[in-house]
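Heads up: the structure comes next, in structure tokens.
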Amino acid sequence: QRLALACAVMHRPRVVFLDEPTSGVDPLSRRRFWRLIDDMSRQGVTIFVTTHYLDEAEDCHRLALIHAGKLVALGTVDELKRVFAGRGVLEVSAPRVNDALDALTGQPWVLETSVFGTRIHVVVADPEEGARRVSELLASTGNGPASVERILPSLEDVFIHHVEAASA
């Protein structure tokens, strides 16, 4: 991949299109590759990158989130994360994740839920009250001990929010 990039930029183009440049690349090489991309960007090269790795997209200046061929969001990382302004994102871990998800989904004080591996992200209007209610609800269903922690939303949270809003 680095060789392909080197060949593509030998003639010093002003614009470069990279289609999933780090797909199938080990983590160390991914990091090095993004350093090269950052260096080119600092030199004034406009770079368009497609990637499924939203953690990589965090470093981009402007993002277009696309789902099923449709643009669902456009802006800077900060602009896109403002969708959660005034709300809290809680990360919940419980012994039985699916049961916890079922218990939380549909609660009137829960705005959104999504599963992230063995954890659930829960969007609530009031993070302190939401954390208390999550803990109480899971304890009352025998799904404890649970941990509930307020987190900063990730681009994955933003993407899931927009995809689910577009599907509703």
Side-chain angles (χ1 to χ4, degrees), residues 16-25 27 30-31 33-34 37-38 41 46-141 143-168:
V16 175
F17 291 86
L18 301 172
D19 185 20
E20 297 192 28
T22 60
S23 180
V25 174
R30 273 178 71 192
R31 195 170 297 143
F33 203 90
W34 275 95
I37 292 170
D38 289 340
S41 177
T46 299
I47 304 167
F48 289 89
V49 179
T50 62
T51 182
H52 286 89
Y53 301 120
L54 292 176
D55 62 317
E56 290 182 350
E58 291 264 357
D59 293 330
C60 295
H61 299 156
R62 195 157 164 78
L63 304 167
L65 299 179
I66 299 171
H67 176 68
K70 295 188 181 187
L71 180 68
V72 295
L74 178 69
T76 66
V77 172
D78 288 340
E79 289 168 348
L80 294 177
K81 287 185 178 182
R82 281 191 203 130
V83 72
F84 295 109
R87 301 190 252 169
V89 179
L90 306 174
E91 186 171 72
V92 178
S93 130
R96 296 182 315 281
V97 175
N98 289 335
D99 291 345
L101 181 64
D102 290 344
L104 290 164
T105 303
Q107 292 294 325
W109 45 271
V110 172
L111 304 173
E112 296 178 36
T113 57
S114 53
V115 176
F116 283 77
T118 60
R119 301 188 188 297
I120 303 167
H121 287 192
V122 181
V123 180
V124 294
D126 180 335
E128 288 181 25
E129 180 184 343
R132 180 185 54 75
R133 285 182 162 190
V134 168
S135 295
E136 288 173 0
L137 177 65
L138 296 182
S140 74
T141 62
N143 196 358
S147 72
V148 182
E149 178 182 338
R150 185 172 187 184
I151 61 168
L152 294 173
S154 68
L155 276 180
E156 278 191 59
D157 291 306
V158 172
F159 182 77
I160 289 169
H161 167 82
H162 284 292
V163 168
E164 288 180 350
S167 309

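Counting heavy atoms from C-beta on, the side chains of Trp34 and Val49 come closer than 4.5 Å. Taking the side chain as every heavy atom from C-beta outward, Phe84 and Val158 approach each other to under 4.5 Å. Looking at heavy atoms from C-beta onward, Glu128 lies out of side-chain contact with Arg150 at the 4.5 angstrom threshold. Inter-residue side-chain proximity for Leu155 and Tyr53 is flagged as unmet; no heavy-atom pair is nearer than 4.5 Å. When side chains are defined from C-beta on, Val77 counts as touching Leu63, because their heavy atoms get closer than 4.5 Å.
Interatomic distance, NE2 of His61 versus OG1 of Thr46, reported as 10.0 Å (0.5 Å rounding). Between the CG atom of Asp55 and the CZ atom of Arg30 there is a distance of 5.0 Å, given to the nearest 0.5 Å. For the atom pair CG (Leu74) and CG (Leu65), the distance works out to 8.5 Å, reported to the nearest 0.5 Å.
The salt bridge (Lys or Arg N to Asp or Glu O under 4.0 Å) check on Arg132 picks up Glu136, with sequence neighbours excluded.
Across all non-hydrogen atoms, the minimal contact from Leu138 to Ala103 is CD2-CB, 4.5 Å. Between Ala146 and Asn143 the shortest heavy-atom distance is CB-O, 4.1 Å. The minimum heavy-atom distance between His161 and Arg87, with the atom names listed, is CE1-NH2, 4.3 Å. Between Ala125 and Leu111, the shortest heavy-atom distance links the atoms N-CD1, 3.7 Å. Closest of all the heavy-atom pairs between Ile120 and Ala100 is CD1-CB, 3.7 Å. Between His67 and Val72, the shortest heavy-atom distance links the atoms CB-CG1, 4.1 Å.
Here the side chain of Thr22 pairs no donor or acceptor atom with the backbone of Val25 at under 3.5 angstrom. Proximity of a side-chain donor or acceptor of Ser41 to a complementary backbone N or O of Ile37 within less than 3.5 Å is not detected. Listed for the Ser140 side chain is a donor-acceptor partner under 3.5 Å among the backbone atoms of Leu137. In terms of modelled atom types and a separation under 3.5 Å, the side chain of Thr50 and the main chain of Glu20 share a donor-acceptor contact.
Applying the ring pair (Phe, Tyr, Trp, His ring centres under 6.0 Å) test to pairs two or more places apart or on separate chains, those with a residue in residues 112-137 are Phe116-His121.
Glu58 and Lys81 are joined by a salt bridge, as a carboxylate oxygen and a charged side-chain nitrogen come within less than 4.0 angstrom of each other.
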